[in-house]
Amino acid sequence: MLLLALDTATPAVTVALHDGTAVVASSSQVDARRHGELLLPAVDRVLAEAGTRLDAVTAVVVGTGPGPYTGLRVGLMTADTFGLALGVPVHGLCTLDALAFATDLDGPFVVATDARRKEVYWARYADSRTRVTEPAVDRPADIADEVAGLPAVGAGALLYPDTFSEAHGPEHVSAAALASLAAGRLAAGEELPAPRPLYLRRPDAQVPKNYKVVTPK
Amino acid sequence: MADPRRDEPLVLGIETSCDETGVGIVRGTTLLADAIASSVDEHARFGGVVPEVASRAHLEAMVPTIRRALKEAGVSAKDLDGIAVTAGPGLAGALLVGVSAAKAFAYALGKPLYGVNHLASHICVDQLEHGPLPEPTMALLVSGGHSSLLLSTDITADVKPMGATIDDAAGEAFDKVARVLNLGFPGGPVIDRYAREGDPEAIAFPRGLTGPRDAAYDFSFSGLKTAVARWIEAKRAAGEEVPVRDVSASFQEAVVDVLTRKAVRACKDQGVDHLMIGGGVAANSRLRALAQERCEAAGIRLRVPRPKLCTDNGAMVAALGAEMVARNRAASDWDLSADSSLPVTDPHVPGHQHTHGHDHVHEVSKENLYS
Ligand SMILES: [Zn+2]
């Protein structure tokens, strides 16, 4: 098998290729505002580094977030369209799970990424492979009791040391971890989730207030 | 017998600049498929297009819409000669979904990618209806997002802005007046319907920017919108019934009078004997009728595509993409940006390493795309 992994749910634009045994090539660039420009050239580079072509890929896995929407959609749309063009399955995996998998921790901990607007996307883990809460978006102060005393990874944890007193790296997700996690689960015969975005927030949209009178009173 | 059109470029176009997910397929100037998924119903309760709602809908709709277009056209993706996509202008987040899909599709299929201009696409779509564009062509583009007069001598390389709205787009004025009249969103079709039963001369609404010293080809609809709202409020304040049909007809007449008058004047001033009208407002029945009347009187040939090709769609993007292939324009690079304010003077976004001798004019102007 040849698994292509992409994630654009955090400031990192990250791509990796996994041959079923190990990651054979990968690329990670951190630039929160250029996901759209960076992703395709990164895919091209990773394939070239592995000495292969996209049509050799047998499955795609993409980080489904949670993450700031505009960037998140770049990875999801790219993965979906590769699936269509190549006729291969496209799987989704929670971005926080890939961050957790990269830690190798075997006790309880927290993953938190930056959700902007003074909030974090977060979830609690029993160990690096086992998530015990649904991904959520909250203000750090509001979850202080739930994460108190736990080690924490991710940019969201590093950003709010008052809440996450034991914060450390990795800061961003890597597609290499995403690929390894997905390859392991697929090899174990697990069904991976569909590539659906985890937005966790409603779109910002206000129904306009009643028509504003323009005639001077 | 061999089909001579087989030699013409087969191009798939993707459009996501606003709330329509459009995927079209053309062979040269022949339309093969025009698949659309619209999120307009999701925006109706907000009274306008909500960017994040549109972007989410594009992601959902894209792959099914591409499949539908390929099926409708009866072609295989591997036979395509290129993939075109709206690179701008438009809603940034919405554009990015289409650009991401187009890049992935083109890369996976090993086909060239053409990031093209939404406004130039609105002009080029007329080739699917009336054959190759005359050169030069004057174009009046009117929709909820734009109101522009453009002059093009070559739709792949030379589009000059003659004038544009200085405040609201024409379609926006329709939406706002419809809101004041409690007619819902979008406002264009419903006002057109009521106006058919009303008197266009019942109320003398102002014609913006039509004084002798005003910019000859620019538009302004903000003052008109306010005048209409004030007139309606005065009626309501006096406890009188608002004559919805007459208000609709008189407002619509004020808009299309200015649009057609300025478009015809631009044609005459520039010695251009063809006018094309595109954009969602080109579906307006009174605009089509008055433009026809005034063009005939001035000896100008009017070209207006059928309403479905006037509103945003993927076929228009494919039409311009096919023209790029036919004229051997440089393809875009894999790091193509979605540019929400892509200048109208850039019909497409050629890649960095390609320097075609004949293309100097807009090779220079794309320096600012990444600023
Ligand atoms: Zn448009």
Side-chain angles (χ1 to χ4, degrees), chain A residues 4 6 8 13 29 31 33-45 47 53-55 57 60 62 64 68-88 90 195-197 199 201-217, chain B residues 14 16 42-43 45-48 50-56 58-60 62-64 66-67 70 77-78 92-110 113 176 179-182 185 225-227 229-234 236-237 333-338 370:
Chain A
L4 175 69
L6 318 169
T8 59
V13 173
Q29 293 158 284
D31 185 342
R33 291 181 308 171
R34 304 217 327 132
H35 285 18
E37 289 86 342
L38 296 175
L39 182 59
L40 233 291
V43 170
D44 191 45
R45 255 194 337 269
L47 289 166
R53 288 159 41 110
L54 189 66
D55 53 16
V57 165
V60 180
V62 58
T64 55
Y69 330 132
T70 306
L72 173 62
R73 277 188 289 263
V74 170
L76 285 161
M77 190 71 267
T78 302
D80 270 359
T81 314
F82 280 164
L84 169 72
L86 303 172
V88 300
V90 181
R196 313 265 309 169
Y199 291 123
R201 285 182 182 131
R202 288 170 182 279
D204 294 312
Q206 292 290 313
V207 179
K209 303 223 163 53
N210 284 337
Y211 171 69
K212 208 164 118 240
V213 175
V214 292
T215 312
K217 288 267 152 72
Chain B
I14 294 177
T16 62
E42 296 171 56
H43 303 283
R45 70 197 170 95
F46 300 109
V50 180
E52 177 59 21
V53 171
S55 299
R56 290 184 183 191
H58 288 314
L59 175 62
E60 297 281 313
M62 183 59 69
V63 166
I66 295 176
R67 275 188 208 284
L70 287 167
K78 65 178 191 323
L95 288 168
L96 187 53
V97 178
V99 168
S100 299
K103 279 188 201 179
F105 206 47
Y107 184 84
L109 296 167
L113 170 76
K176 283 172 185 171
R179 197 186 308 160
V180 185
L181 289 169
N182 300 315
F185 172 87
K225 170 194 78 188
T226 308
R230 284 190 176 169
W231 193 92
I232 293 166
E233 282 160 16
R236 284 179 184 153
D333 284 340
W334 297 122
D335 67 353
L336 173 71
S337 294
Y370 298 96

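The structure displayed is predicted, hence computed values, not measured ones. Chain letters run A, B, ... following the sequence lines, proteins first, then strands; residues in each count from 1.
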Item checked: Which atoms of Ala101(B) approach chain A - backbone, side chain, both or neither, heavy atom under 4.5 Å -> both

Checklist line | chain A contact via Ile232(B) - side chain, backbone, both or neither, heavy atoms under 4.5 Å | finding: neither

Next item on the list: Answer yes or no: is there a side-chain heavy-atom contact under 4.5 Å between Ser100(B) and Leu39(A)?
Entry: no

Item checked: Which of Asp80(A), Val43(A), Leu84(A) touches chain B most, by non-hydrogen pairs under 4.5 Å -> Leu84(A)

Item checked: Whether over 12 other heavy atoms sit under 6.0 Å from Arg45(A) CZ -> yes

Item checked: Atom of Thr81(A), atom of Ala104(B) and distance for their closest heavy-atom approach -> CB-CB, 3.7 Å

Item checked: Gly36(A) versus Lys103(B), closest heavy-atom pair with distance -> O-NZ, 2.6 Å

Checklist line | Contacting region of Val97(B) [heavy-atom separation from chain A under 4.5 Å] | finding: both

Notebook entry, point to check: What residue, out of Asp44(A), Leu54(A), Leu38(A), has the most heavy-atom pairs lying under 4.5 Å from chain B?
Noted result: Asp44(A)

Note to self: Apply side chain to side chain contact (heavy atoms under 4.5 Å, CB included) to residues Arg56(B) and Arg73(A) and explain how you reach the verdict.
What the structure shows: CA-CA 8 Å; Arg56(B) 290 184 183 191; Arg73(A) 277 188 289 263; 3.5 Å; yes

Notebook entry, point to check: In Å, rounded to the nearest 0.5 Å, how long is the span from OH of Tyr199(A) to CG of Leu59(B)?
Noted result: 5.0 Å

Next item on the list: Determine the option with the most heavy-atom pairs under 4.5 angstrom with chain A, choosing from Asn182(B), Leu109(B), Leu96(B), Val53(B).
Entry: Leu96(B)

Next item on the list: Identify whether the distance between the nearest side-chain nitrogen and carboxylate oxygen of Arg196(A) and Glu60(B) falls below 4.0 Å.
Entry: yes

Check: Relative to chain B, which segment of Leu47(A) carries a heavy atom at a distance below 4.5 Å: side chain, backbone, both, or neither?
Finding: side chain

